[in-house]
Amino acid sequence: MASKAVYSRDPMLKKRDDFEDILEERRNSSDLRYALRCYAPVVYKGLCPSKAGTLKSMVLQSDQLHYVIHQVCRETGRAVDDVQEEASSILEEMAHRLQLSTVRFFAFTLSKVFKTLFRSICVNEEGIQRLQQVIQEHPVVLLPSHRSYMDFLLMSYLLYTYDLALPVIAAGMDFMGMKFVGEMLRMSGAFFIRRSFGGDKLYWAVFSEYVKTMLKNGFAPVEFFLEGTRSRTSKSLTPKLGLLNIVMDPFFKGEVFDVSLVPVSISYERILEESLYARELLGVPKPKESTSGLIKARKVLSEDYGSIHVYFGQPVSVRSLAEGRVNRCQFNLIPRHIPKKPSEDIHSFVNDSAYRLVRAQEENMVLKPWVLLASLLLQNQVSGQKRGIALDELTEQAVWLRDLSRQYGAFLHWPEHTPPSEVVSSSLSLHRGLVRISEGRVQLALGQTGGPAAPGEPRSAVTPEEELLSQAVIILSCASYRNQALHVFLRPALLASAIHTASSNKKQEVFNSFSFLRNMFSNEFILCPGATVQVRNIIYFMFILCDHTDILYAFYFSLVLCVCVGLRGGLLPPGEDWSSAGHPAGGPGDGERTQNAGLPHLHVRSLLTRIPGGVQVPV
């Protein structure tokens, strides 16, 4: 069953698709011919896409909206015509006006932009084929990860490229303030919703009925971001449930046989908004979306942003997810058009499904070499080595961390037929605004403040506050790249801490300690609620690999992983060496002192030999 891919946890058994660079063809052919080509997408059950006006009429004439309108009239004493006019006004403000001519304009423009900004845009074609098949069978909901404003433009561009039905996209009202651009987005499939409804019954009824009408009739795939907003830290955000409740509702009420949810993972080698995110995290107000701001941002076209990988995951059947968990008979007790607050079991099911879908997004995120390099450089910065790290040593450590990440199931893009030194040099060159290479040593560019100076002119003077802000931006930018790998090491790291803090080596004690840590960090990371069986499997798997004398070695091994990716957890203070941490004889520190702030890669290799079969923990 397709939905089982969401529950897959064994990285050694997981097959991932190959990628194809779609920009390669664009560089060798006419963009105008591409934009004006015959576009005949396959659609749900062969239906003809509805016109925007027809869709609005269906929403305004729906039984559910009429019920809510009369309910509002009774509660407020307003005339029915007055409330109906307000509902029509809300829908007019919200609805998309998808036009193929506008789509063709964006296809031409984005081709030019993407070829300038990116070296490649790689897509898993098997995922595209799965999507093409499922679009013809059931209503489809696309759920991309959200790391950049580029996400929704990229999704529509890809579907147009592969001759798939263009999605209708839930967008924030912020874009409405962008003259011309806002209307262009509306005509390319965006529908605009408020950030908060504030208990407005009428607005919620219009919004939910609009989305459900599009979904039930299969007019177009519905696209929205489960995380709700862009992640400024590159960590997955806890999912928002409102829209997911709406798209599942037609299935619960038997109005459609099934709904297919497609998680999509979008991975950027370099994010356009990297410095902007860092400044927002430091308290600098977010710039308001405006057309003038977009025009001023055209200077990004002179930058190189590397590659993008887009992975279309396995379609997840809501029917399969709900089997044995949701009793749909409860929806037969009242007419379908009467709104009903989700019951506790429905809320629990939707919440659990949302976490699993975001987890599926995480698993298919493609990590680039810079993610590993940022982790190592930040750790080197913590150690206080102001001269940086030798390039050869950084390359050696990056190769070690690459192999380690793969052991833990990371989806890592590392060119196999390119020497590691070239891979590292290319990655450092791409992120030259964050690092500095001098005399064969690499370090974060914390001293480069004041901006570049013109030839023959001194660097512009900066205040201590500006210098500190500039340094913090670089640190946070690197940390956001490092965070992309946290999901790979999170569960082993929590397990290592659980083993360390448990009162004994008994499985139940370790399980209880792990559960406590897991619940404590549930709002910080994507840890699926109620996954008791998965927790026990992880712990028992580790115990199978290690006898009682090897448990502490497994702990130290995973603790090193925590240090590498920034999950220090305070277990060893900076500068304290392993020899003072009470490790068993023969472990790190025996014969050679290795600083906690550094990267004891030689000792970790020795730990691997002490654990039968190595350590391969399902994540």
Side-chain angles (χ1 to χ4, degrees), residues 31-32 34-36 39 41 49-60 85-114 117 142 144 146 148-161 164-197 200 203 206-211 213-215 219-225 228-230 243 272-273 286-298 300-301:
D31 291 330
L32 186 60
Y34 160 75
L36 298 178
Y39 174 67
S50 168
K51 292 183 178 180
T54 307
L55 182 60
K56 289 178 189 176
S57 298
M58 293 175 68
V59 173
L60 292 173
E85 187 176 342
E86 183 184 349
S88 180
S89 177
I90 291 171
L91 186 58
E92 190 66 30
E93 176 190 63
M94 178 187 302
H96 74 81
R97 292 198 297 271
L98 183 61
Q99 295 181 9
L100 186 56
S101 58
T102 307
V103 171
R104 293 190 187 281
F105 169 78
F106 270 114
F108 176 79
T109 305
L110 290 177
S111 285
K112 299 292 186 187
V113 171
F114 287 160
L117 290 177
L142 297 171
H146 202 14
S148 171
Y149 275 143
M150 195 65 72
D151 295 332
F152 63 90
L153 295 173
L154 183 62
M155 286 291 294
S156 295
Y157 181 81
L158 292 177
L159 296 189
Y160 179 80
T161 299
L164 293 170
L166 291 170
V168 288
I169 310 156
M173 280 292 186
D174 310 3
F175 294 100
M176 286 284 289
M178 301 177 69
K179 295 178 181 177
F180 179 70
V181 174
E183 285 306 307
M184 290 290 288
L185 292 174
R186 188 192 295 276
M187 290 188 288
S188 65
F191 63 94
F192 298 98
I193 57 175
R194 300 172 188 170
R195 292 290 182 186
S196 174
F197 300 167
D200 189 332
Y203 191 93
V206 173
F207 166 59
S208 60
E209 189 61 26
Y210 181 66
V211 174
T213 300
M214 289 189 291
L215 188 78
F219 292 144
V222 176
E223 178 187 321
F224 63 90
F225 301 106
T229 186
R230 292 171 296 160
L243 263 166
L272 271 74
E273 304 99 324
K286 172 192 169 187
K288 185 179 179 181
E289 288 83 357
S290 65
T291 305
S292 60
L294 181 64
I295 294 172
K296 291 176 183 176
R298 66 185 183 276
V300 302
L301 295 174

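Predicted model only: the values in this text are computed from it and were never measured.
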Student: Would you mind reporting whether Phe106 and Met187 have side-chain heavy atoms less than 4.5 Å apart?
Tutor: no
Student: Determine the minimum heavy-atom distance between Ser111 and Tyr157, stating which atoms define it.
Tutor: OG-OH, 2.8 Å
Student: For the residue pair Ala171 and Ala190, what are the closest heavy atoms and their distance?
Tutor: CB-CB, 4.3 Å
Student: Do the non-hydrogen side-chain atoms of Leu55 and Tyr210 ever get within less than 4.5 Å of each other?
Tutor: yes
Student: Using the side-chain contact (heavy atoms from CB on, under 4.5 Å) rule, pick out the option among Leu91, Val211, Leu98 that qualifies with Phe191.
Tutor: Val211
Student: Write down the atom of Gly172, the atom of Phe192, and the distance for their closest heavy-atom approach.
Tutor: O-CD2, 3.4 Å
Student: What's the shortest heavy-atom distance between Val222 and Leu215, and which atoms?
Tutor: CG2-CD1, 4.2 Å
Student: Would you compute the distance between atom OH of Tyr203 and atom CE of Met94 and round it to the nearest 0.5 angstrom?
Tutor: 4.0 Å
Student: When you measure from the side chain of Arg104 to the backbone N and O of Ala35, does any donor-acceptor pair fall under 3.5 Å?
Tutor: yes
Student: Check whether any side-chain heavy atom of Leu166 sits under 4.5 Å from a side-chain heavy atom of Pro41, and report yes or no.
Tutor: no
Student: Looking only at heavy atoms, what is the nearest atom pair of Ala220 and Val168, with distance?
Tutor: CB-CG1, 4.1 Å
Student: Side-chain contact, heavy-atom cut-off 4.5 Å: Val113 with Leu153?
Tutor: no
Student: Taking side chain as C-beta onward, heavy atoms only, is Met155 less than 4.5 Å from Ile169?
Tutor: no
Student: Below 4.5 Å, heavy atoms only, C-beta onward: do Phe207 and Ile90 meet side chain to side chain?
Tutor: no
Student: Salt bridge between Asp174 and Arg195, side-chain N to carboxylate O under 4.0 Å?
Tutor: yes
Student: Please find the pair of heavy atoms, one from Val103 and one from Ser188, that lie closest to each other, and give the distance.
Tutor: CG2-CA, 4.3 Å
Student: Would you confirm whether Glu273, through its side chain, and Tyr149, through its main-chain N or O, come within 3.5 Å as a donor-acceptor pair?
Tutor: yes
Student: Is Thr213 reaching over with its side chain to a backbone N or O of Glu209, donor-acceptor style, under 3.5 angstrom?
Tutor: yes
Student: Compute the centroid of each ring, for Tyr160 and then for Tyr39, and state whether the two points are separated by less than 6.0 Å.
Tutor: yes
Student: Does any N or O in the side chain of Arg97 come within less than 3.5 Å of the main-chain N or O of Glu183, such that one atom is a donor and the other an acceptor?
Tutor: no
